[in-house]
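The structure under discussion appears below in the form of structure tokens.
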Amino acid sequence: MLPVLWLGLAYLGSLLVMLISSFWSVDSFTGTMNHTFSFRNFQQLLTDPVYRNIALRSLIVAISVTLIDALLAIPIAFYIAKVLKPRFRNVVVALVLVPLWASYLVKTYAWRSMFSNGGVLDWLLKPFGLHTPGFGLLATTMTLAYLWLPYMILPIYAGLERLPNSLLEASGDLGATAGKTFKSIVLPIIYPAIIAGSIFTFSLSLGDYIVVKIVGGTTQLVANVIADNVGVAGNLPFAAAMAVMPIATILSYLFIVRRTGALENF
């Protein structure tokens, strides 16, 4: 219990320090830290259209990654849980987990080689007179969707395992189509699992900056602005203020999810 208490204290304490420092500023001439309380950093974030666009772009990427992963994970998880024979399920689940064992950077650079000129996508699209879209938001979104897909598949698979096959058989016997069965029976049961998976995909995408650096081209997201202000500009207060945005967004999302009661039965 004591180690958990210390871990929680260190985590919450670091967040408190970050929040306090977000109200400080850096002297643009001397580079010294000014500990005077001010809302200047937040005012700049809210009024400067550049940072508003970066925040909106980051939200769009995180939402897009979550939707793509959900659309891919549902049929994959359903096939594993309800179509595959039981003796093969553990093997396929292990295969779903295999990408998580590989290096994060190796996987990201593999996608960079795919989107680069003369890469795999160029080779596949060339017969159709098309070319790779190159580095940018599309490459960032696709790479993040690949990286976090297992975090969406596993909760949905766990939710589908609790779905009795008799319900699907009864629905078919009563004349329901596959679409009607999915909408009326499958989706309400796996909805909490989808929400649980979305928490991972949304939060991980919103806070990622390495993928954007590697495959994002000139694209900037919130995490990149934070990293650049810490490592390049040396403006820690502004970086702290920028970091409040994704934290507040994720906390708001968790609050909305809790209010809906989606996770109570998961």
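Keep in mind that this is a model prediction, so the values were computed, not measured.
Two rings, from Phe115 and Phe135, have their centers 6.0 Å or more apart.
Remark: of the listed residues Ile199, Asp69, Leu100, Leu100 is the sole one forming a side chain to side chain contact (heavy atoms under 4.5 Å, CB included) with Tyr151.
Between Leu187 and Ile194 there is a side-chain heavy-atom pair separated by less than 4.5 Å. In this structure the side chain of Thr66 reaches within 4.5 angstrom of the side chain of Met152, judged on heavy atoms. At least one side-chain heavy atom of Tyr79 sits less than 4.5 Å from a side-chain heavy atom of Leu84. Using a 4.5 Å heavy-atom threshold, the side chains of Leu163 and Ile185 count as touching. Side-chain contact between Lys213 and Asp228 is present, with at least one heavy-atom pair separated by less than 4.5 Å. Side-chain contact between Asp208 and Trp148 is present, with at least one heavy-atom pair separated by less than 4.5 Å. Within the 4.5 Å cutoff, the side chain of Val61 has no heavy atoms near those of the Thr219 side chain. Looking only at side-chain heavy atoms (C-beta outward), Ile226 and Val222 come within less than 4.5 Å of each other.
Contacts classified as side-chain hydrogen bond (donor to acceptor under 3.5 Å, both in side chains) and involving residues 239-255 (residues at least two apart or in different chains) are given here: Ser198-Tyr253.
Side-chain atoms of Lys107 do not come within 3.5 Å of backbone N or O of Leu147 as any donor-acceptor pair. For the pair Arg52 (side chain) and Leu46 (backbone), a donor-acceptor distance under 3.5 Å is present.
Counting Ile, Leu, Val, Met, Phe, Trp and Tyr side chains that sit under 4.5 Å apart, directly or through other members, Val17 stands alone, with no cluster partners.
Connection of Leu254 to Val257 is established within a shared hydrophobic cluster, with ILVMFWY side chains joined at heavy-atom distances below 4.5 Å, either directly or through further cluster members.
Taking every heavy atom of both residues into account, Leu206 and Ser58 meet most closely at CD1-O, 3.8 Å.
Residues forming a side chain to side chain donor-acceptor pair (under 3.5 Å) with Asn117 (at least two apart in sequence, or on another chain): none.
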